[in-house]
Number of protein chains: 2
Amino acid sequence: MKRPTIADVARRAGVSKGAVSYALNGQPGVSDATRQRILAIAQEIGFNPNSAARALSGATSNAVGLALCRPARILGIEPFFMELISGVEAELSARSYALTLQVVASPEAEIAVYRRWWGERRVDGVLVCDLRIDDRRLPVLAELRLPAVVIGGPGEDGGPDYVWSDESVALAEVLEYLVALGHRRIARVGGLPGLRHTEIRTQAFGAVCRRLGLERTTTVSSDYSGEEGARATRRLLSSADRPTAIVYDNDVMAIAGLSVAQEMGLTVPSDVSIVAWDDSPLCQLVHPSLTALSRDIPAYGAHAAGRLLAAIAGQPLGDFQDETAHLIPRGSTAPPRQP
Amino acid sequence: MKRPTIADVARRAGVSKGAVSYALNGQPGVSDATRQRILAIAQEIGFNPNSAARALSGATSNAVGLALCRPARILGIEPFFMELISGVEAELSARSYALTLQVVASPEAEIAVYRRWWGERRVDGVLVCDLRIDDRRLPVLAELRLPAVVIGGPGEDGGPDYVWSDESVALAEVLEYLVALGHRRIARVGGLPGLRHTEIRTQAFGAVCRRLGLERTTTVSSDYSGEEGARATRRLLSSADRPTAIVYDNDVMAIAGLSVAQEMGLTVPSDVSIVAWDDSPLCQLVHPSLTALSRDIPAYGAHAAGRLLAAIAGQPLGDFQDETAHLIPRGSTAPPRQP
DNA sequence: CTGAAAGCGCTTACAG
DNA sequence: CTGAAAGCGCTTACAG
C-alpha cells in the first residue's frame, strides 16, 4: 500500500503543494473555501504528513522524551510511573504528540540519551523525573537548549519550568493527624537519599516534629523497594522504644511494612499505625486498608506535559504548583494502644 | 548550539558525505583506514545522524510503537506492563531503537493510531498486546504491511510472528499441585473475557479439571482490577459450598482476594489457598506471601522486541515459545483444613 | 575505493 | 491569494 503524500492531495485538489501545507497547518495564504476542500480531500484519502519530512523541514519532531532511571523491578511495582505516563500521554495525544520512552541505568546514561535525542532531533523536549541535589542533567539540557519540564520541585530561578506539589504541607497534615490521635513516637521510612523530594521530605519531617514537640523522630532511608521497606520496618519495630506510627515514602514500602508488622505478631493499627505516601489502588487491596496521602498522579503528568508543550512552543508558562496531597484516613491508623 | 551534520564530519575527514554515510552504516565502499578515521571524527564532534533525514531517505525511522489499551488505573497497578516495557526497552536501546508509547481508549482508537503511525512513518513496526478473539487489529496491520509481533499466543499460520508462553501447561501444574495437597473444590478468578489468553486459560482450566476429576470448577470473570477481584472472591467465599483454593489470573486480584478472605475471618492458607498468576514483587509483600506462577517478564518483552527488529529487517524469525511459567509455592497454599 | 548528484516529502520565503 | 523553487540532512544508485 502506497502512502499518500502531500503531492497526491495537491493534485486532487488542483492546487500546489504549498497551498496544501498552508491549509493543513492553519497558516494564512489560502482562501477558506480552498482550505475546506483540501482538508476534506486529505481526510478522504487518509493523508498523514510524513513526520520525518516535517521534522527535516525545520518543523518540530512532534515527539517528547521521557527517560526513566530506575531498575526494572522498582519501575514495575511502583504504580506512580505508569499513572504519570498515562496522564502525560493523555495530554500529548490530544495534541498529536508522541511519547518516546527510554529506561536508563544511570544518570550518566540518561545524559547520553539526551545528547543523542538532541543530535538526532528525535524529540522536541523532555520531561525530567527524580531530580537530584545538584542535578547534572540540568546544565546539559540548558547547554543543548532542549526544552524541559522538571516533575518535582520547587525549582530555582533561571532553570527550566517545574511542576511540583508541596510535600512539606502534606507531611505536616500527616503528622498533625497522628499527634491528634495520640502518637508521640513517629518514624519515617524515606525514599532514595539524594533525590530532591526525599531531602525535602526529610527536612520537613524534622522541622514539623520539632514544631510539634515530638520526642523520637527517626528517618530510615531506603530505595522505595518492598524489600528495603520491610527491612527498615523490621529494624524500627525491633527497637526497645519502638514507634507507634510509621510514615512511608511510597505505598509499596507501606504494604511491605504492614506485612512485617503482621509477621511480627503486631496488630495494625492498634500496635502500630501506618501511613503511605502515594495512594494507588494497592492501598485498598490490603487488610487493613492503608491510610494514605492521595493526589491525582495522571493529572500531575498531564500538567507537566502541557507545560512542556508550551515551552516547546517558546512560551514557557513558569513553575506550576500542583494540588497538595491530602490525607485519606483508612483502617491502618488509630490511637496508639495505652501502655 | 549547532548540531553537527554529516557534512561537518565529511569536511573534517576530507571525504564526501557519501563516504561518511557508508562508514557510519557499516556499508562497503570505504577503506578500513578511512572508516576508522571517520568514526573517530564523528565520535569526537559528537555527531548523531538526524533521525528525520535518515527516515526521509527511505531508511527506517528506528522507532517501534507500542499501544496500550487499558484504563490508567489498571495499567498503573499491573506490574506486568512496566516490566514488559523494561524488557522491550533493554533490547531496543541496545540496538539504538526508540520506543514510542501510546495509551489508547479502545481497539478502534488503537487501529487509528496504527494508521497514523504508518502514514507518518513514525515507527518501523509495532508490538501488539492483549490479543482478542478475531482481533480486528491484525487485518489492518497486514493491510498496511506494518511489521508486527504479537505478545501472547500461540498464533495461526500466515499472520505476524508471535511470542507466547504455554498457559495450559502452567495451569495444569497449578491444579495438579493443589490436588496433591488435597483440594477438590478449586475456583478461578479469570481476567478480561474476550482476551485470547483469558479464553485459553478458561478452556485449559475446564479441561484439566475434568482430567483430574474435580467436582466443582467455577470460573468467575473479572477485569484484572483489584476491586473486581475482591468482589469475585467475596461471592466465591460466600457460597454454601465454598472452594478451598482459588487461582487468580493476576497478582493484583490475588492480593485483593487475600484481603477479602482475611476480612471475612478466614485464614489463608488453612481455610482457603490462593495462587496468583504472574509473580511480581507484590506477591512477597503481603502476609502470607503468595504462591505464584512466575516467569521472566522483562525477558519476554526483550524476546518480542528482538523478533520485531528481525521482522523489520525483513527476516521474520517465526513464532517463539517463551519459557513456561513455573509454580513458586509460598505461604498462601497448604492442604485444606479437614472438615 | 571515492565523488557528485538525485531524491525522500515536507515547509517556507519569494515572486507573481 | 497562489505557484515555483530552494532547502532541511541524510542514503544510495551511478559514474569515474
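We name chains A, B, ... by the order of the sequence lines, and we start the count at 1 in each one.
- Put simply, CZ on A:Arg11 is 14 Å from P on D:dG3, counting in whole angstrom units.
- Straight-line distance from the CG atom of B:Leu56 to the C1' atom of D:dT11: 10 Å, rounded to whole Å.
- A salt bridge links A:Asp8 with A:Arg11: the closest approach of a Lys/Arg side-chain nitrogen to an acidic carboxylate oxygen falls below 4.0 angstrom.
- A sub-4.0 Å separation between OP1 or OP2 of D:dG9 and a side-chain N or O of A:Arg121 is present.
- In this structure, of C:dT12, C:dC10, D:dA13, it is C:dT12 that holds the atom nearest to the side chain of A:Tyr22.
- Between B:Ile38 atom CD1 and C:dC1 atom P there is a gap of 13 Å when expressed in whole angstrom units.
- Looking at B:Asp130 and B:Arg70, a side-chain N of the basic residue comes within less than 4.0 Å of a carboxylate O on the acidic one, giving a salt bridge.
- The CG atom of A:Asn48 sits 5.5 Å away from atom CD of B:Glu120, with the distance rounded to the nearest 0.5 Å.
- The side chain of B:Thr5 has D:dC10 as its nearest neighbour among C:dC10, C:dC14, D:dC10.
- Between A:Asn25 and C:dT11 there is a side-chain polar atom (N or O) within less than 4.0 angstrom of OP1 or OP2.
- Among the atoms of the strands shown, base atoms are found under 4.0 Å from some heavy atom of B:Ser21.
- No donor-acceptor pair closer than 3.5 Å links the side chain of A:Asp319 to the backbone N or O of A:Pro154.
- Nucleotides of DNA chain D nearest to B:Ala7 and A:Gly14 differ in position, and the one nearer the 5' end is that of A:Gly14.
- For A:Ser31, whose side chain is taken as the heavy atoms from C-beta onward, the closest listed nucleotide among D:dC1, D:dG9, C:dC1 is D:dC1.
- Across all strands, B:Thr34 comes closer than 4.0 Å only to sugar-phosphate atoms, never to a base (heavy-atom distances).
- Per the geometry, CZ belonging to B:Arg35 stands 9 Å off P belonging to C:dC1, to the nearest Å.
- In this structure C:dA4 sits in no base pair that meets the Watson-Crick or G-U test at under 3.5 Å.
- Along DNA chain C, the nucleotide nearest to A:Ala53 and the one nearest to A:Gly18 differ in position, and the one closer to the 5' end is contacted by A:Ala53.
- Under the 4.0 Å criterion applied to side-chain N and carboxylate O atoms, A:Arg295 and A:Asp322 are not assigned as salt-bridge partners.
- Residue B:Ile6 has its side chain nearest to D:dT11 when only D:dT11, C:dT12, D:dT2 are considered.
- Atoms CG (A:Asn62) and C1' (C:dG9) sit 15 Å apart, rounded to a whole Å.
- Note: A:Phe320 and A:His303 have perpendicular aromatic rings, judged against thresholds of 30 and 60 degrees for the angle between ring planes.
- For B:Ser57 and D:dT11, the shortest distance from a side-chain N or O to OP1 or OP2 is not below 4.0 Å.
- Going from atom CZ of B:Arg3 over to atom P of D:dC10 covers 11 Å, rounded to whole Å.
- Pairing for C:dA13 is absent, with no Watson-Crick or G-U wobble pair whose two atom distances lie under 3.5 Å.
- Taking only side-chain atoms of A:Gln27, from C-beta outward, the nucleotide of D:dC10, C:dT12, C:dC10 with the closest atom is C:dT12.
- The nearest whole Å value for the distance from the CG atom in A:Asn50 to the P atom in C:dT11 is 10 Å.
- Atom P of nucleotide D:dA4 and atom NZ of A:Lys17 are separated by 11 Å, given to the nearest angstrom.
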